[in-house]
Amino acid sequence: MAAPHEYSPLPPFKRTDHCGALRAADVGREVALWGWVAARRDHGGLIFIDLRDREGLLQLVFNPALAAAAHEAAGRARSEYYLAARGRVVRRFEGTVNAELPTGEIEIAVTEAHILNVSQPPPFPIDGEGTAEDLRLRYRYLDLRRPAMQRNLRRRALAVQAARSFLDGAGFVEIETPILWRATPEGARDYLVPSRVNPGRFYALPQSPQLLKQILMVSGFDRYYQIARCFRDEDLRANRQPEFSQIDIEMTCPQVDDVVAAGEGMMAEIYRRVLGIDLKPPFLRLPYAEAMARFGTDKPDLRFGLELRDLSAAFAGTQFKVFAEALERGEGICAIALPGAHQLSRRELDELAEGLRARYGLGLAWAKIANDGWQGPIARHLGDAERARAAQAAGLAAGDTLLMVAGAAARVRPILGDLRLQLGTKFKLRETGELKFLWVVEFPLLEYSEEAKRMVAVNHPFTAPHPDDLELLDSQPLATRALAYDMVLNGEELGGGSIRIHNPELQLKVFALLGFPRDAALRKFGFLIEALGYGAPPHGGIAFGVERIAMLLCGTDSLRDVMAFPKTQKAVDPMSGAPSEVDARQLHELSIKVTP
RNA sequence: GGGGUCGUAGUUCAGCCCGGUUAGAACGCCGGCCUGUCACGUCGGAAGUCGUGGGUUCAAAUCCCAUCGGCCCCGCCA
């Protein structure tokens with residue numbers, strides 16, 4: 001505790017400036033500041049204190065000859081004490097300028113100082129990085145004092161502000177939708193909230209405001225947006241938290257081009273305002289089928305090549321058993337040609353193969369293309385003719401390494417897509433400093449789920465089929481393309497959306513394909529079907545992940561670095577202890593019994 | 001649900017493979033001295049449930065088993 005005579009809930013004077021914002025131009029001014037003690041250097045006589053606030057560090061000088069009381073207070077100050085100080089901005093003597101600090105040309109000759117609060121020694125240094133993350137989260141308020149976190153969260157705020165400013169200017173209306181809503185089938189696990197006044201019933205926290213924003217289009221808001229909090233009760237990852245934010249956008253009667261243009265405009269505004277970078281829309285558009293064939297993923301990193309090659313035709317009739325058997329089953333051979341500039345040792349190749357085997361249970365065949373022939377464990381099984389055809393198909397040159405996997409394209413391509421990223425990372429091909437934006441378009445509407453033993457929506461059940469493919473819905477539903485699109489940057493999906501179904505009968509038909517007969521669909525989604533029946537205009541939109549965007553703006557690969565109070569992998573908040581147990585009385589009121 | 005990895009002063013880490021002295025270092029912290037430092041200097045000091053529990057052993061930070069927690073990944077996340 002500060003001494004009682006020093007304790008006051010009110011600061012002793014008004015602040016004139018932020019510490020980190022003062023410069024040589026301010027020399028001569030009388031200023032008043034407050035901030036934390038970042039460092040204290042006590043020379044017995046003179047005392048120097050680096051005072052930190054959100055704008056940065058500033059050196060205070062306490063001279064006993066100038067202000068004895070202030071000097072005495074400085075003598076008692078320790079790390080992270082919160083001080084108020086008043087004094088004159090003076091230019092530093094020659095030889096005492098600190099070129100490391102933006103404020104290094106000046107200092108404050110303090111005339112008055114008060115300790116507004118004392119501090120325990122911090123459990124980890126505030127200036128510095130590399131503390132165990134559970135400790136950072138336990139003392140998140142101290143972690144957030146750190147300059148890197150201050151920068152990240154302010155960058156995020158700036159990005160959201162830029163998005164708002166762009167969308168407001170483009171005529172979008174910001175509307176909030178409920179957090180307490182209803183559980184709907186499909187999608188992620190819901191967070192449930194018991195209803196006290198309706199025992200045995202539950203709200204669900206929204207996984208996204210998808211249906212609500214569609215209904216707002218039925219209502220005639222024409223253009224809607226929201227910085228929407230979303231909740232999904234699934235296991236966490238470095239880039240996945242149980243609650244996160246989306247920039248959620250919906251518009252009436254859009255062409256795909258209209259939504260894409262809005263997304264590009266918003267992203268350009270974000271990059272311009274946050275990083276001062278001018279993006280150059282329109283972004284490249286890549287059909288889903290092409291993305292899968294060339295990169296093995298629906299979110300390709302276009303900063304480097306190493307594209308996938310289909311060598312099925314080249315190895316037709318091969319004697320190599322693994323390949324021959326795959327081809328016999330109607331499967332294929334997919335490969336990456338690694339240029340000679342990027343050499344892998346035998347050991348590294350073995351490690352890659354072992355990694356693929358462990359993760360996917362699939363073997364990796366490889367061959368090095370030497371001047372005098374192919375080398376590697378499988379080379380002797382491959383004849384001259386097929387080697388020549390493969391070399392032709394993959395564009396092989398001497399010194400290259402050919403990495404091959406046999407199997408069904410749908411299974412093998414994502415695996416090679418993963419391998420491609422591993423190679424890109426290993427050879428530092430992903431650190432080019434480029435911003436490779438693109439749209440992936442023409443996703444399939446449906447895919448077959450082995451687990452569910454039925455078709456499931458690739459995007460969500462409200463996505464409109466491509467008008468050219470409407471007949472396919474009956475004949476070959478899995479071949480139907482969707483009016484869906486994802487924005488991708490450097491291998492990260494930033495956002496995705498679609499044109500929606502606005503016709504109740506078509507919506508019921510899609511539900512039927514997904515295994516929801518009419519009555520079940522009406523029971524679960526009756527309010528939507530009903531709403532579509534009242535002159536619902538065509539509509540569509542997109543949603544962007546706020547944290548994803550912020551991560552890329554901040555150059556971090558952890559979502560926790562752009563959230564103020566994230567949860568651990570076990571979905572726990574180490575600072576507050578959430579989730580916590582609750583009183584038996586609370587449970588009773590909610591008609592809930594917890595089973596052991 | 002599964003795989004991997006980490007857990008040792010307040011912090012960051014060494015020690016662990018190959019069991020054996022009082023478990024070390026740096027930073028931080030506490031006290032003394034110091035009027036131009038900015039990683040201040042200098043002298044001195046305090047500080048440990050080696051995550052937890054069990055086992056093996058004459059002896060466990062070290063070997064084994066279990067368990068808890070952090071992180072990364074698979075499953076999952078329309």
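Residue numbers start from 1 in every chain, and the chains themselves are labelled A, B, ... in the order their sequence lines are given, proteins ahead of strands.
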Using the [atom1] atom on both, measure [N] against [M] and round to a whole Å.
N: B:rC50; M: B:rU8; atom1: C1'; result: 4 Å
N: B:rA61; M: B:rC17; atom1: P; result: 12 Å
N: B:rC65; M: B:rU21; atom1: C1'; result: 30 Å
N: B:rC13; M: B:rU22; atom1: P; result: 28 Å
N: B:rC40; M: B:rA46; atom1: P; result: 24 Å
N: B:rC71; M: B:rG53; atom1: P; result: 24 Å
N: B:rG19; M: B:rU57; atom1: C1'; result: 9 Å
N: B:rG24; M: B:rC33; atom1: C1'; result: 29 Å

Touch class at under 4.0 angstrom, heavy-atom based, for [X] against every strand present:
X: A:Leu135; answer: sugar-phosphate
X: A:Asp233; answer: nothing
X: A:Glu447; answer: nothing
X: A:Arg560; answer: sugar-phosphate
X: A:Thr131; answer: sugar-phosphate
X: A:Thr463; answer: nothing
X: A:Phe93; answer: base

Judged by nearest nucleotide, the residue sitting upstream toward the 5' end of RNA chain B, A:Asp557 or A:Glu234, is A:Asp557
Could you tell me the Watson-Crick or G-U partner of [N], where both distances fall under 3.5 Å? Say none if there is no partner.
N: B:rA25; result: B:rU12
N: B:rG41; result: B:rC33
N: B:rU67; result: B:rG51
N: B:rC18; result: none

Could you work out which one of [options] sits closest to the side chain of [X]?
X: A:Arg41; options: B:rC76, B:rG36, B:rC40; value: B:rC40
X: A:Pro123; options: B:rG70, B:rG10, B:rU12; value: B:rG10
X: A:Arg232; options: B:rC38, B:rG75, B:rC77; value: B:rC77
X: A:Ser79; options: B:rC29, B:rG36, B:rU12; value: B:rC29
X: A:Glu133; options: B:rG70, B:rU11, B:rU37; value: B:rG70
X: A:Arg237; options: B:rG75, B:rC77, B:rC71; value: B:rG75
X: A:Phe48; options: B:rU35, B:rC72, B:rG36; value: B:rG36

Going by number, which of residues 567-575 of chain A have a non-hydrogen atom under 4.0 Å from RNA chain B?
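Per residue number, the list reads A:Thr568, A:Gln569, A:Lys570.
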Do the side chain of A:Arg151 and the main chain of A:Cys554 share a donor and acceptor less than 3.5 angstrom apart?
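Between the backbone of A:Cys554 and the side chain of A:Arg151 there is a qualifying donor-acceptor contact (under 3.5 Å).
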Side chain A:Arg52, main chain A:Trp36, donor-acceptor under 3.5 Å
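Looks like no, no N/O pair under 3.5 Å.
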Out of A:His539, A:Gln214, A:Glu250, which residue meets the side chain to side chain donor-acceptor pair (under 3.5 Å) rule with A:Arg500?
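Only one of A:His539, A:Gln214, A:Glu250 forms a side chain to side chain donor-acceptor pair (under 3.5 Å) with A:Arg500, namely A:Glu250.
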Please confirm whether the ring centroid of A:Phe527 lies under 6.0 Å from the ring centroid of A:Trp181.
yes
Spell out yes or no: do the side chain of A:Arg240 and the base of B:rC77 have one donor N/O and one acceptor N/O closer than 3.5 Å?
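Side chain to base: pair present.
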Is there, by distance only and without an angle test, a donor paired with an acceptor across the side chain of A:Arg92 and the base of B:rC38 below 3.5 Å?
yes
Within a strict 4.5 Å, meaning less than it, do heavy atoms of the A:Leu57 and A:Leu51 side chains meet?
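A side-chain contact under 4.5 Å is absent here.
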Less than 4.5 Å apart, side chain to side chain, heavy atoms only: is that true for A:Arg232 and A:Gln241?
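Not in contact.
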What do the steps show when you test A:Arg182 against A:Thr184 for side chain to side chain donor-acceptor pair (under 3.5 Å), and what is the final call?
CA-CA 6 Å; A:Arg182 65 165 290 159; A:Thr184 51; over 6 Å; no
Is there aromatic stacking of A:His43 against B:rU37, centre distance under 5.5 Å, plane angle under 30°?
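Not stacked by the 5.5 Å and 30° rule.
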Between A:Arg78 and B:rG31, is there a contact of a side-chain N or O with OP1 or OP2 at under 4.0 Å?
yes
side-chain contact (heavy atoms from CB on, under 4.5 Å) assessment of A:Arg548 paired with A:Asn239
CA-CA 8 Å; A:Arg548 289 274 173 89; A:Asn239 55 10; 4.2 Å; yes
